[in-house]
Amino acid sequence: MHKKFLKPYEASQESLIYDEWEKSGYFNPDNLNGKTNYCIVMPPPNANGRLHSGHGTDFTLKDILIRFHRMMGYKTLLVPGSDHAGFETQGEYEKELKKQGRSRFGMKDKDLYKEIFDFVMSHKHVMENDIKKLGISCDWSRNKFTLDKDVISTSCDTFIKMYNDGFIYRGKKCIHWNPKFQTSLSDIETKFKDEKGKFYYFKYGPFTIGTARPETKFADKYIIVHPDDKRYKQYKHKQKFTVEWINGPIEATLLKDETADMEMGSGAMTITPWHSQVDFELACKYDLPVEQIIDWDGKLLPVAGEFAGLKISVAREKIVEKLKTKGLLERIDENYEHAVRVCDRTNIVIEPQIKSQWFVKMDKLSKRTLDSLDNKEYKILTKTHEKIFRHWMSNPIDWNISRQIIWGIQIPAWFKNKDTDKEEIKISKEIQKDGWVQDTDTFDTWFSSGHWPLVTLGYPDSKDMEFYPTQVMETGADLIFKWIPRMIIFGLYLKKEAPFKDIYLHGMTQDAKGVKMSKSKGNGLSPLDLADEFGTDATRMSFVVATPPGMNTILTKDKVRAYKKFSNKIWNISRFVLENIEGENFENKKVSSLKDKELLSNLDEEVSFVTNHIKKYRMDLAAERLYHYVWHEVADKILEDSKSIFRNGKQEEKDSRKQTLYTILSTSLKLLHPFTPFITEIIWKELPDGYMKDDKLLMISKWPEHEENK
RNA sequence: GGGCGAUUAGCUCAGUUGGUUAGAGUGCUUCGUUUACACCGAAGAUGUCGGGGGUUCAAAUCCCUCAUCGCCCACCA
């Protein structure tokens, strides 16, 4: 009797195995004998966060592919890494600062960067332990962080190369400016606040225009009405008018555009492109001049005439007063409710301003990406996603890569007389003296993470570049137009080759109500909690089964619980088989019974099915098939049948069956290993040496032989 | 506003290119403890495959339409 197997299965035994795998060195391809490379790069999770169920699905699928190919004899590499997660982490750290009664405003950028860096480094191991807990067989000796020196250096090199090749230019964009703290803010650093205010109606030539911000209107020269608005039918698009305005007569032009809201006020509005996102877009559409009215401190510029230098809050009433005197004020709506954009943390009202930002020209790069797809240099596995991808890439707009945060890679651009007519630019990674000031903006996170397959493999000259291009990029479907195109673009641009051969996108993980799991909704199921409660193997199974490529999956505890029972089943099958083959020597015996030959032939079919489906990225179907084979065939039928043979059969029948059971068990363990690595490795230790046990570690034992196209 | 997808047993979902009697898990009913396992086994009940129309010898599967839900992107659509 096997003493150890008298105990029931407990998932807690899993924790001992990962160390053993890691110490064996076989996560590192340098220690594998295979000739053909098989490499997958893991999308980097937030270094400062925990893994969520999306990562669970993500990493489990990759690990299945890696473990399968390792057993198939490939030289496999799964590269781990972590992301600095710009916005999110800076926000987290600001909360931390708040607890200490401090604020990022007033801090030097460099000091803040250093503090966040140390903060993240001290938390990174938590997320990494999460990956280990899920049993992911990645090579930790190649671990990467998105702010490692070489990543920064490579991203900057690409920026410089693209600038010199004419792919990068400086263009204007409307940003959120905090005038008190003299900084621009990202979208998520701002929020809307409902406010009750006044809405003014002024005479503007033959029109009545409505506005909540009279102080911005000095240089407004364009009136917008809806093309279908019957009130303005008699006027023509681009018709000119001379109108009396705040500081005397000006020439105004009428534009008919659908942006105008007929329901709002009089249906006519004037635009102030420098201080409004929507107006700026209109100005770009019609190629209108844009003029700054309010300076960076929130005071009026000389264009305001007698009001120049006044704070906008003071100026407003005075301007209304003047217009009233001139007889241009029609009426004031006192109860105007609207949402004002304010700084998320300081509640300071945001002043939209136009600032120059860096853009990447996308037309040629996108076209090249599509050409490469047409030439089948890489494949997108699901047709739906290929359609979305093609559509997106066929209509590229230029990519704004400037971000107004500190926690990122600072753009290697230097200025003299920035944002003036005399602006001078120098692009360089080196520190510049003589009055040159570096751009305070950082790269959009996708700019640096677009280099991920390159930098994780040590681009440009590391030996690891032999793993480039990688085999497959497997990630959440939401990244089809964020990350995937960027990686392909940079791969093609720098290395003349797409960074992966296949693109496999899994869906989003949803809760029981079909809502996407996310931190903000608080409906997530932590894969770590699930692993604690039901075991990692069960959790992995639940991530895989019923998760076909591209489809959303719903994760519930009931599902995981079902696979915990499955783990128990595997354990007890093994217990039964091991107890019955105890002390047998299989070397010279053959399977003699016809029934047993049939069982082994059925087993071959399982091997073929599982193998071929993993190759086709249908891990979901492979896992489901294994589940049914192991439970309802092996346990329910074969084991039950064996009991009567062992009780009443002839010696020859018994021997034949024992041999058959051992073959079925060892083969099943191999087939199951990529899906449920822990329990299979634990049981593998108990198999008698020799015969089917070709290596001490199941992880690197040989995948069962199979027929190719069954 | 635009795009994409889903709708199959009480619940959560499979169903690969159309092809016998539509399948799993979970839940439910009855029975059962014999060489692993009660985290078990055996047997069973449950479905107008969202509604309507079309193509076909044949539709859960292909086409059209309506309804409901979800996801993504919002100067790209």
Side-chain angles (χ1 to χ4, degrees), chain A residues 1-2 5-11 173-174 187 257-259 277-285 362-363 366 382-400 476-482 505 507-518 534-535 538 541-542 545-580 582 609 612-613 616-618 620-621 623-625 627-628 631-632 634-648 661 665:
Chain A
M1 277 276 183
H2 256 77
F5 279 86
L6 291 175
K7 284 184 182 171
Y9 172 63
E10 279 176 32
K173 197 173 193 301
C174 195
D187 283 350
D257 191 276
E258 279 154 15
T259 317
Q277 171 78 32
V278 180
D279 294 2
F280 182 68
E281 282 156 20
L282 269 172
C284 292
K285 186 171 171 184
M362 293 298 276
D363 48 356
S366 301
T382 43
K383 275 184 186 158
T384 309
H385 291 117
E386 180 173 340
K387 209 162 83 182
I388 296 172
F389 183 82
R390 282 182 180 280
H391 186 90
W392 181 263
M393 295 308 283
S394 308
N395 301 281
I397 61 157
D398 288 350
W399 173 22
N400 173 15
D478 55 332
L479 294 173
I480 185 73
F481 21 58
K482 290 177 185 160
L505 299 153
M508 301 289 99
T509 320
Q510 301 171 332
D511 68 8
K513 288 172 195 156
V515 178
K516 183 186 168 183
M517 287 190 178
S518 70
F534 305 107
M541 278 297 279
S542 68
V545 177
T547 306
M551 298 291 290
N552 293 342
T553 53
I554 290 184
L555 183 64
T556 59
K557 277 198 174 188
D558 278 347
K559 189 174 170 185
V560 191
R561 194 174 289 120
Y563 292 108
K564 189 194 173 185
K565 291 184 186 176
F566 181 58
S567 300
N568 189 57
K569 203 67 179 175
I570 297 171
W571 187 263
N572 283 303
I573 289 168
S574 307
R575 182 144 82 149
F576 178 87
V577 174
L578 290 172
E579 280 169 3
N580 280 289
E582 174 90 60
F609 186 94
N612 292 329
H613 280 78
K616 286 190 280 188
Y617 297 106
R618 290 308 301 261
D620 59 317
L621 296 180
E624 204 174 350
R625 171 87 171 226
Y627 176 92
H628 286 107
W631 197 314
H632 299 301
V634 178
D636 291 350
K637 299 211 174 90
I638 302 176
L639 257 51
E640 289 307 318
D641 183 49
S642 302
K643 287 176 190 172
S644 59
I645 292 178
F646 292 147
R647 209 171 19 238
N648 308 319
L661 284 182
L665 175 65

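Basis for what follows: all heavy atoms, side chains included, without hydrogens, waters or symmetry-related copies. First the proteins, then the strands, lettered A, B, ... as listed; each starts at 1.
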Q: Taking atom P of B:G41 as reference, at what distance in whole Å does atom CD1 of A:I638 sit?
A: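 Atom-to-atom, A:I638 to B:G41, this comes out as 15 Å.
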
Q: Grab the two heavy atoms, one from A:A635 and one from A:L639, that are nearest each other, plus how far apart they are.
A: O-CB, 3.4 Å

Q: Is there a side-chain contact between A:K565 and the phosphate of B:U26, meaning an N or O under 4.0 Å from OP1 or OP2?
A: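 For B:U26, OP1/OP2 do have a side-chain N/O of A:K565 under 4.0 Å.
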
Q: Record whether the side chain of A:E640 comes under 3.5 Å of the base of B:A42 through a donor-acceptor pair of N or O atoms.
A: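 There is none.
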
Q: Dot-bracket for RNA chain B, please, read 5' to 3', with Watson-Crick or G-U wobble pairs under 3.5 Å on both distances, ( ) within the strand, [ ] crossing, | other strand, . unpaired.
A: (((((((..((((.....[...)))).(((((.......))))).....(((((..]....))))))))))))....

Q: Who are the salt bridge (charged side-chain N to carboxylate O under 4.0 Å, His left out) partners of A:K565, not counting sequence neighbours?
A: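 Not a single residue meets the salt bridge (charged side-chain N to carboxylate O under 4.0 Å, His left out) criterion with A:K565.
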
Q: Side-chain N or O of A:W631 less than 4.0 angstrom from OP1 or OP2 on B:A24?
A: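 Checking B:A24 against A:W631, no side-chain N or O comes under 4.0 Å of OP1 or OP2.
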
Q: Expressed in whole Å, how much space separates the P atoms belonging to B:G15 and B:U8?
A: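 Looking at atom P only, B:G15 and B:U8 are 14 Å apart.
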
Q: Would you mind reading off the distance between A:E624 atom CD and B:U16 atom C1', rounded to a whole angstrom?
A: 13 Å

Q: Can a side chain N or O of A:R618 be found less than 4.0 Å away from OP1 or OP2 on B:A14?
A: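 Indeed not, no polar side-chain atom of A:R618 lies that close.
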
Q: Quick one: is B:U35 close enough that its OP1 or OP2 comes under 4.0 Å of any side-chain N or O from A:R647?
A: yes

Q: With sequence neighbours excluded, what pairs up with A:S366 under the side-chain hydrogen bond (donor to acceptor under 3.5 Å, both in side chains) test?
A: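 side-chain hydrogen bond (donor to acceptor under 3.5 Å, both in side chains) check on A:S366 returns nothing, list empty.
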
Q: Distance check: side-chain N/O of A:H613 vs OP1/OP2 of B:A14, anything under 4.0 Å?
A: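 It does not, given that no N or O in the side chain of A:H613 lies less than 4.0 Å from OP1 or OP2 of B:A14.
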
Q: Under 4.0 Å from OP1 or OP2 of B:G41: is there any side-chain N or O of A:K643 that close?
A: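 Negative; the distance criterion is not met.
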
Q: Aromatic rings A:W631 and A:Y627: how do their planes relate, parallel, tilted or perpendicular, breaks at 30° and 60°?
A: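 Correct class here is tilted.
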
Q: Given the P atoms of B:G51 and B:U68, what is the spacing between them in whole Å?
A: 15 Å

